[in-house]
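Input: a single structure, listed below in structure tokens.
Position 1 is the first residue of the sequence; numbering continues from there.
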Amino acid sequence: IAGFLIGFALGGRPVERAIRTKLTNTLKPDHLEVHNESHMHAVPPGSESHFRVLVVSRHRLVNDALKEELSSCVHALAIQAKTPEQWGSNPTLAKSPPCMGGSRGDHTMEEKLKEKSTQVGCWEGGGVT
């Protein structure tokens with residue numbers, strides 16, 4: 001059931017899927033979690049613009065691996081990297097702080113995200129492609 005739920009959840013999440021695939025292929029982590037936290041921010045429903053990543057690996061190259069996403073679709077990426085030993089003694093992910101609303105009063109944010117994301121095909125018609 002867990003595999004089905006993960007597959008179902010990622011089916012409509014191309015940015016999350018790209019992040020997961022690139023980090024897995026590049027870092028070969030012992031453990032990887034990718035959390036879409038866009039719903040916690042002032043962005044349209046279904047957005048893929050704010051992520052938190054937990055990587056258990058000899059952490060390196062995360063930003064290089066996600067260069068395309070960070071320059072286009074992803075507005076924020078919080079990385080919590082742990083060595084296998086750190087993960088073994090504390091297998092938890094720290095919580096993200098609440099959004100301080102930097103863009104909540106900016107009613108043009110949806111258009112800004114759409115404009116930025118369509119440059120590389122991450123957003124189309126109020127959703128992701």
Side-chain angles (χ1 to χ4, degrees):
I1 291 178
F4 169 78
L5 293 175
I6 291 170
F8 178 78
L10 293 180
R13 300 277 184 201
V15 176
E16 181 176 339
R17 188 172 47 249
I19 290 171
R20 184 178 307 282
T21 299
K22 288 181 178 184
L23 291 179
T24 298
N25 292 343
T26 302
L27 303 176
K28 310 282 189 268
D30 294 328
H31 182 82
L32 173 66
E33 293 180 24
V34 179
H35 299 272
N36 182 350
E37 295 186 340
S38 301
H39 66 279
M40 298 167 54
H41 300 275
V43 297
S47 293
E48 290 192 89
S49 57
H50 294 72
F51 288 89
R52 175 173 285 277
V53 172
L54 169 65
V55 179
V56 178
S57 158
R58 294 188 188 344
H59 51 279
R60 57 178 170 65
L61 307 173
V62 173
N63 286 339
D64 285 345
L66 301 176
K67 190 180 302 184
E68 181 180 345
E69 288 77 13
L70 290 170
S71 68
S72 58
C73 313
V74 177
H75 172 73
L77 177 67
I79 300 168
Q80 183 177 349
K82 294 185 174 189
T83 65
E85 293 78 23
Q86 290 168 325
W87 178 250
S89 67
N90 184 10
T92 61
L93 176 64
K95 287 189 173 188
S96 291
C99 179
M100 299 304 290
S103 59
R104 286 193 180 187
D106 183 354
H107 301 293
T108 65
M109 183 52 68
E110 182 173 352
E111 280 303 312
K112 289 175 184 175
L113 283 172
K114 188 185 293 187
E115 178 182 318
K116 183 178 181 184
S117 297
T118 54
Q119 295 169 4
V120 293
C122 297
W123 178 291
E124 193 170 294
V128 290
T129 58

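- For the atom pair His50 NE2 and Asn36 CG, the distance stands at 9.5 Å (nearest 0.5 Å).
- Between the CD atom of Glu37 and the CE atom of Met40 there is a distance of 4.5 Å, given to the nearest 0.5 Å.
- Gly88 approaches Pro91 most closely through the heavy-atom pair O-CD, 4.3 Å.
- Residues His31 and Glu33 bring a donor and an acceptor atom of their side chains to less than 3.5 Å of each other.
- Put simply, the side chain of Asp30 never gets that close to the backbone of Thr83: no donor and acceptor are under 3.5 Å apart.
- The closest donor-acceptor contact from the side chain of Ser49 to the backbone of His75 lies at 3.5 Å or more, if one exists at all.
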How far apart are the C-alpha atoms of Lys82 and Val55, what are their side-chain angles, what is the distance that settles it, and do they pass the side chain to side chain contact (heavy atoms under 4.5 Å, CB included) test? CA-CA 6 Å; Lys82 294 185 174 189; Val55 179; over 6 Å; no
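- Not a single donor-acceptor pair under 3.5 Å links the side chain of Thr26 to the backbone N or O of Leu23.
- One N or O on the side chain of Ser89 and one on the backbone of Gln86 form a donor-acceptor pair closer than 3.5 Å.
- For Phe51 against Val34, the heavy-atom pair with the smallest separation is CD2-CG1, 3.9 Å.
- Rounding to the nearest 0.5 angstrom, the gap separating the CD atom in Glu85 from the CG atom in Asn90 is 13.5 Å.
- A donor-acceptor pair under 3.5 Å links the side-chain atoms of Glu48 to the main chain of Glu16, judged by distance alone.
- Between the side chain of Gln80 and the backbone N or O of Ala94, at least one donor-acceptor pair lies under 3.5 Å.
- Atoms OG1 and CG, from Thr24 and Leu32 in turn, are 4.5 Å apart once rounded to the nearest 0.5 Å.
- Note on Glu68 versus Lys22: salt bridge recorded, some NZ/NE/NH1/NH2 to OD/OE distance being below 4.0 Å.
- Once rounded to the nearest 0.5 Å, the distance linking CD1 of Ile79 with CG of Leu66 reads 7.0 Å.
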